[in-house]
Novice: 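So that we are looking at the same thing, I have put the structure below in structure tokens.
The structure displayed is predicted, hence computed values, not measured ones. Letters A, B, ... are given to chains in the order of the sequence lines, protein chains preceding strands, and every chain is numbered from 1.
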Amino acid sequence: MSTRVRFAPSPTGLLHIGGLRTALYNFLFARHHGGSFILRIEDTDQERTVPGAVENIIEMLRWVGLEFDEGPHVGGPYGPYVQSQRLELYRQQAHLLVERGSAYYAFDTPEELERMREHQRRAGIAPKYDRFSMRNSFTLPPEEVRRLLSEGAPAVIRLLVPLDRQICFHDLIRGEISVHSRDIDDQVLLKSDGFPTYHLANVVDDHFMRITHVIRGEEWIPSTPKHILLYEAFGWEPPQFAHLPLLLNPDRSKLSKRHGDVAVEDFRRQGYFPEALLNFVALLGWNPTADRELFTLDELIASFELTKVNRAPAIVDRNKLDWLNAQYLRRLPLERLARELQPYLSQLGYPEFPQTYLMRAIALLRERVNRLPEIATFGDYLFIPPRSYDWDYFRKHWHEDLPQWLEELIRVLEQTEPFHAELLQQRIREFTESRGQPLRALVHPLRLILTGKSVGAGIFETMEVLGKSECIRRLREFLASQLPIFMEYLRTAV
RNA sequence: GGCGCAUUCGUCUAGCGGUUAGGACACCGCCCUCUCAAGGCGGAAACGGGGGUUCGACUCCCCCAUGCGCUACCA
């Protein structure tokens, strides 16, 4: 039997990195075993379904490169892959269980259920559906049940959970897990609106879609025994289960928006690479080898082992993501980076640049930032003349002969050909040394004048990228209009 | 409250009865250096607690503590 796994999100919001990791582990497991990776949309709660969520999930997974073999967007032999389109199947299966005596009708109103729970709370016992005191097939005479049903009274179908039984299953990650049936509620399977609950739909679909391994978050451990019971009631072979540890906020709470961005879309917008994000979430709860951090998707596939997934929850650490992203920024081909940088520049209102110029700019700055868009901000001076100047920095390196030197330097630069970093450094060193000054006497003022800032790439490399005419233009402009401002600043600052 | 799952540096983790408890991120220091990075070198930093089992426990068992999850006609 070939391996078949599914990623089965509820379309209740944007795909977040917890979901991304679940999808990734399913994907890795499927590819590692040469099996199929299936997308199924679990939209059985009409209330919570949000428009556009399905599209977001599909788009984000496509962005990171996790391709599905079957799903609502690609089709497949076991469709439809959206639960709201399979209602008749669930209804049939639920009634089948009733006929077999594994499930029963219940007619309680929400108010009645609430009263029951209130009673139980006051009595200090665990809230649980009381099969023997509520209005259902057990307590009502058969003809009354028939009457209510034929009149179309609101009814649900509940699972008949055995009274005294230990229910065990083997979890591929955690080993044997065992729960007593008395701690399991008579779960609603079919709601009064005709929709199935998660439990019914999930089990029915996993069976009919021939799912062999259920890999999902650990929040599902407590309901797995219910699922086992359902498989038994149907007479189906249950799949293998593997429950993944949760992803947590830095304060150990369940991952949430309150602690920063968690949606995959947010990370994309901030300029993280899909490779880096995938690499990052892959390492949250599992690692192929302890002595390496960077892995391609193919490498992850090759070494993925479900049994080596950790059991303890993992805290999402942005530092590590930033570092990983920086590693990719330094390795990815310049052509691609240049292509991806231009939109960020356009967003900032900068003009279009030739690909070769962008490539040189990126090569100059990629080791100094973590994310591609930071090149547009950290290195703004490569795309637009400085609009403000760090006067403090300039003052630190100020010399009263500086204006005169700069005038002379412009003439030196005019004659520097080729305008390459090495030659520039050589010429400027000759220039300063002939005036009894160290190289830095000009390095820092030049950095300020050309970039406006005190930090950046090597100044000679920066000059080479900017090009001769731009450097000279900025120098002239500075001498003409900025120097007087600085002199004024000097007077008032002292 | 009940049930379940978990517990190695701040974080991600290696370890699968005998180790100076290893690596990575972050942090600190030094070197390099035109600034900032990058890089190199070094530092600080962990087995939650208590009982067992064993010649010997981070590793196996039990209890406790703590954290988290579930306890819906939500998933």
Novice: Report yes or no: is there a donor-acceptor pair, N or O only, under 3.5 Å between the side chain of Arg368(A) and the base of rC36(B)?
Specialist: yes
Novice: Quick check: any donor-acceptor pair below 3.5 Å linking the side-chain of Arg447(A) to the base of rC34(B)?
Specialist: yes
Novice: Taking rA21(B) as the reference, what is the distance to rA38(B) when you measure between their P atoms (whole Å, please)?
Specialist: 31 Å
Novice: Keeping Asp185(A) on the side-chain end and Gln187(A) on the backbone end, is there a donor-acceptor pair under 3.5 Å?
Specialist: no
Novice: Using a 4.0 Å cut-off on protein heavy atoms (strictly under), produce a 5'-to-3' string for nucleotides 69-75 of chain B with B for base contact, S for backbone-only sugar-phosphate contact, and - for none.
Specialist: SSSSBBB
Novice: Using modelled atom types only, decide if a donor and an acceptor are shared between the side chain of Asn370(A) and the backbone of Asn325(A) within a distance under 3.5 Å.
Specialist: no
Novice: Please measure how far the P atom in rA26(B) lies from the corresponding atom in rA37(B), and state the result in whole Å.
Specialist: 12 Å
Novice: Is there a donor-acceptor pair under 3.5 Å between the side chain of Asn249(A) and the backbone N or O of Lys254(A)?
Specialist: yes
Novice: If you compare all heavy atoms of Phe419(A) against all heavy atoms of Gly467(A), which two are closest, and at what distance to 0.1 Å?
Specialist: CE2-C, 3.6 Å
Novice: Say you pick atom P in rC62(B) and the same atom in rA24(B); how far apart are they, in whole Å?
Specialist: 36 Å
Novice: Mind calculating the distance between CG (Asp392(A)) and P (rU35(B)) to the nearest angstrom?
Specialist: 18 Å
Novice: Heavy atoms from C-beta onward define the side chain here; which of rC34(B), rG23(B), rG4(B) lies closest to that of Phe460(A)?
Specialist: rC34(B)
Novice: Pick the C1' atom in rA46(B) and in rC9(B), then give their distance to the nearest Å.
Specialist: 4 Å
Novice: Nearest whole angstrom, please: distance from the P of rA37(B) to the NZ of Lys453(A).
Specialist: 14 Å
Novice: In whole Å, measure the gap between the P atoms of rC5(B) and rC61(B) for me.
Specialist: 13 Å
Novice: May I have the distance from Asp317(A) (atom CG) to rC9(B) (atom P), rounded to whole angstrom?
Specialist: 14 Å
Novice: Would the distance check show the side chain of Asn136(A) and the main-chain N or O of Tyr104(A) forming a donor-acceptor pair, the cut-off being under 3.5 Å?
Specialist: no
Novice: Give a yes or no on whether the backbone of Glu422(A) and the side-chain of His420(A) come within a donor-acceptor separation of less than 3.5 Å.
Specialist: no
Novice: Using atom P in both nucleotides, what's the gap between rG51(B) and rG10(B) to the nearest angstrom?
Specialist: 24 Å
Novice: Output the rounded distance in Å from CH2 (Trp286(A)) to P (rA14(B)).
Specialist: 11 Å
Novice: Would you kindly give the CG-to-P distance between Leu244(A) and rA6(B), to the nearest whole Å?
Specialist: 13 Å
Novice: Given atom CG of Leu255(A) and atom C1' of rU11(B), what is their separation to the nearest angstrom?
Specialist: 15 Å
Novice: Would you say a side-chain N or O of Asn287(A) is under 4.0 Å from OP1 or OP2 of rA24(B)?
Specialist: no
Novice: Give the rounded distance in Å between these two atoms: CH2 of Trp323(A) and C1' of rU11(B).
Specialist: 14 Å
Novice: Of the options Tyr489(A), Phe478(A), Tyr389(A), which is the one that meets Phe394(A) in a ring pair (Phe, Tyr, Trp, His ring centres under 6.0 Å)?
Specialist: Phe478(A)
Novice: How long is the line joining NE2 of His243(A) and P of rA6(B), in whole Å?
Specialist: 12 Å
Novice: Would you say Asn310(A) reaches rC12(B)'s phosphate, i.e. side-chain N/O to OP1/OP2 under 4.0 Å?
Specialist: no
